[in-house]
Every structure is written in structure tokens, then in C-alpha cells.
Amino acid sequence: MKLDTPRDSIEKVKNKISERNCIPHEIPGASKLGIGITGPTNLLIEEEFQTMDCVEEVIRVTKPYKLVSREMKNEDTIIEINNLKIGGKQLSIIAGPCSVESRQQLFDIAGELKELGIKFLRAGAYKPRSSPYSFQGLKEKGIEFLLDVKKEFNMMIVTEAKDTKSLPLISEVADIIQIGARNMQNFSLLEEVGQLKNIVLLKRGLAATIEELLMSAEYILSQGNFNVILCERGIRTFETMTRNTLDLNAIPIIKKQSHLPIIVDPSHGIGIWDKVHPMAMAAIACGADGLMIEVHNHPDKALSDGYQSLTPKNFKILLEKIEQLAPIVDRKIASYASVG
Ligand code: PEP
Ligand code: MN
């Protein structure tokens with residue numbers, strides 16, 4: 001429909017969809033207003049909508065994922081938060097330790113990142129670990145520290161929701177709720193974050209195909225939350241020299257299939273701190289909308305993922321490199337290097 005379609009015409013279309021036991025999803029774009037339809041759409045007759053004056057075009061989406069697809073919305077989704085844009089020309093950089101370990105640790109790292117101009121601070125309070133004997137996160141205490149650090153430094157918080165039980169607490173502190181790789185197909189968790197307003201960062205599963213990642217995103221959008229950022233973080237292959245295999249193929253493929261922003265986490269992708277720079281650069285070069293980088297002030301003492309964490313000093317060097325690369329791929333990055 002045209003962007004300036006009057007409200008009553010929009011409602012007429014939506015009512016018609018509901019009367020046929022389907023669900024209408026309003027998807028405003030920059031040039032058109034889309035109404036996504038899910039449910040038993042095989043029973044819908046295109047002509048019934050095509051003949052309505054206010055309807056410009058009826059497109060049947062053939063892909064198994066609908067709302068996340070480019071067919072549904074051609075232009076890139078740009079998520080706005082506190083005057084910042086995620087997606088579009090601006091590169092978004094999320095940085096911070098793997099886990100919240102103590103108030104001091106979190107404040108020290110956040111302080112250093114703030115000085116580098118970082119707006120999104122990551123740190124897990126609930127950690128899904130392969131071993132039950134590994135550090136599981138500070139849980140409620142970690143959330144308390146995250147609330148404090150958010151107030152002190154006015155940074156946006158990215159933190160993981162490990163399960164539906166901790167989700168209400170997480171949603172109070174998280175500007176961006178991270179759904180970890182191990183939870184990519186936790187469908188009840190996906191449905192619950194789909195009902196929230198928070199932005200969701202959905203990480204690709206360890207052995208998930210690109211289509212499965214998009215289907216998982218579809219779960220979230222289908223519940224009404226369109227603020228989803230995808231994240232490529234490496235997949236499991238036969239390779240043993242790296243922690244995972246960072247699948248940068250996924251970036252241009254997803255860009256073709258979906259309007260959602262996608263960022264790359266090279267820290268988990270390669271799992272070796274001194275190989276993070278080249279993979280981060282490669283991610284930006286191939287079209288990622290941003291990066292998530294693990295940064296720790298004492299990587300050797302980190303309670304999780306120290307081996308893949310950059311020191312703030314080394315992270316600053318990466319930001320300077322990204323700043324030089326960005327204009328070559330027609331991207332912008334806030335002047336991090338000059339801030340630091
Ligand atoms: C993390 O970001 O620290 C994390 C646990 O990531 P993933 O879910 O991708 O393994
Ligand atoms: Mn980690």
C-alpha cells in the first residue's frame with residue numbers, strides 16, 4: 001500500500017485478512033506500507049485484495065520464512081535506538097567481556113570502552129556453558145551490576161537470556177537481548193522475546209543452516225517484534241585449528257534473502273584473540289552491519305573466553321583499522337579512533 005494510505009483503508013485490509021483467519025502484520029517501510037499475512041494463506045484469493053483501491057500490489061511469498069524476507073520488505077531494516085541506527089550505512093560495534101565477573105571488572109572495562117566511543121556494552125550474566133562445572137555467570141548479581149554500569153556510563157546493554165525463566169529480569173536491563181547460539185532453536189524462548197519490545201540479537205546456531213537462522217528470526221517477527229538483528233558467530237565444521245568456522249558466506253546470502261541487519265562475532269567465530277582483527281575486517285568488507293567483539297582488561301584471568309578476548313588497547317587498534325575500511329565499503333563509523 002502507499003505510505004499515505006488513510007488509516008481506515010489500512011484497517012479495512014487488515015479486517016479482511018483477520019476475517020479469513022489469517023494474521024495481518026503492519027510493516028512500514030520508507031517508500032511503501034507492507035501488510036504481511038501469516039496463517040492459512042493458501043486459502044486466500046489474491047484478487048480479493050488486488051481489487052481493493054488502496055492496495056498497490058499483492059505478492060505471494062514463496063519462501064518458508066515470510067516476514068523476514070526481502071519479498072515482504074525490500075528495503076533494509078534500520079533499527080533506531082537512542083538516536084543511533086543499527087543497519088543502513090552506520091556500522092554498529094558491540095564490545096565487552098564474555099561474562100560479568102565482578103562490579104569492578106565490569107566498570108573498568110566499560111570505562112575503557114566508553115572512552116573509545118563504544119555505545120553498546122556486552123556482558124553475560126547468565127552463561128550457557130558446555131560444562132556444568134564451568135562458570136555459569138553471576139546471574140541476578142550480574143544483572144544488578146549491569147544496571148549500575150548502565151546508569152554510570154549511559155551505555156546500552158547487550159546481554160543474553162539463557163531461558164524463559166530469567167527473561168523478565170533480563171528484559172529490564174537489556175537494550176538488546178542476546179539469544180545465544182545454543183538457544184537459536186529454543187522456540188518457546190523465541191516466542192517470548194517476540195512478545196517483548198526489546199531489540200533482539202539472534203545468534204546463529206552451532207550447526208544451523210542459514211535458512212534455519214532465518215526461520216528462527218521468523219518466530220520472533222511473527223509474534224510482533226520486528227527489531228531483530230542477526231549474528232553470524234561461526235559454525236561447527238571438521239576444522240580443529242579454530243574454535244569454529246566463521247561463515248562469512250552467510251553475510252551476502254542473508255543480505256539477498258532478508259531485510260534484517262546482520263552483524264558478525266569474530267571472537268567466537270575463530271576463537272583466537274590474535275586472529276580476531278583480520279576476521280573482523282573481512283566481516284565489514286563483505287557487508288556486515290557491525291561487529292560484536294569480546295574485550296577484557298585481563299584476558300588471562302577471564303572466567304570465560306579469555307583466549308579469544310582483545311585487550312582494550314588492541315581493540316582500539318582494530319577500531320582504527322575499521323575506521324579506515326568503512327568508507328571503502330560505503331559505511332560510516334563514529335570517529336572512535338579520534339575519541340580514544
Ligand atoms: C557469547 O556471546 O558469549 C556466547 C555465549 O556466544 P554464542 O552463543 O555465540 O556461543
Ligand atoms: Mn563468550
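Just so you know, ligand 1 is whichever comes first in the structure, and atom 1 is the first atom listed for that ligand.
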Should [X] and [Y] count as an ion pair when the cut-off is N to O under 4.0 Å?
X: D76; Y: R70; value: yes
X: D289; Y: K255; value: yes
X: K16; Y: E19; value: no
X: R7; Y: E26; value: yes
X: R103; Y: E144; value: no

Quick one about Q257 and Y65 (side-chain donor to acceptor, distance below 3.5 Å, no hydrogens or angles considered), yes or no? yes
query: If we ignore angles and hydrogens, is there a donor and acceptor under 3.5 Å between the side chains of E101 and H296?
result: yes
| query | Mind checking whether K127 has an N or O less than 3.5 Å away from an N or O of ligand 1? | reply | yes
Ligand 1 and P128, any nitrogen or oxygen pair closer than 3.5 angstrom? no
Could you tell me which atoms of ligand 1, counted from 1 in the order shown, lie closer than 4.0 angstrom to a heavy atom of [X]?
X: G180; value: 8 (O)
X: R182; value: 7 (P), 8 (O), 10 (O)
X: C98; value: 3 (O)

For [atom], grab the closest protein heavy atom and report residue, atom and distance to one decimal in Å.
atom: atom 4 (C) of ligand 1; value: H268 NE2, 3.4 Å
atom: atom 2 (O) of ligand 1; value: R122 NH1, 2.7 Å
atom: atom 6 (O) of ligand 1; value: K203 NZ, 2.9 Å
atom: atom 9 (O) of ligand 1; value: R233 NE, 2.6 Å
atom: atom 8 (O) of ligand 1; value: A181 N, 2.7 Å

The Mn ion (ligand 2) -> E294, closest N, O or S atom is OE2
For the Mn ion (ligand 2), the nearest N/O/S atom on D305 is atom OD2
Here the pair of heavy atoms bringing I10 nearest to T5 is CD1-O, 3.6 Å
ask   = Quick one: does G124 get within less than 4.0 Å of ligand 1, heavy atoms only?
value = no
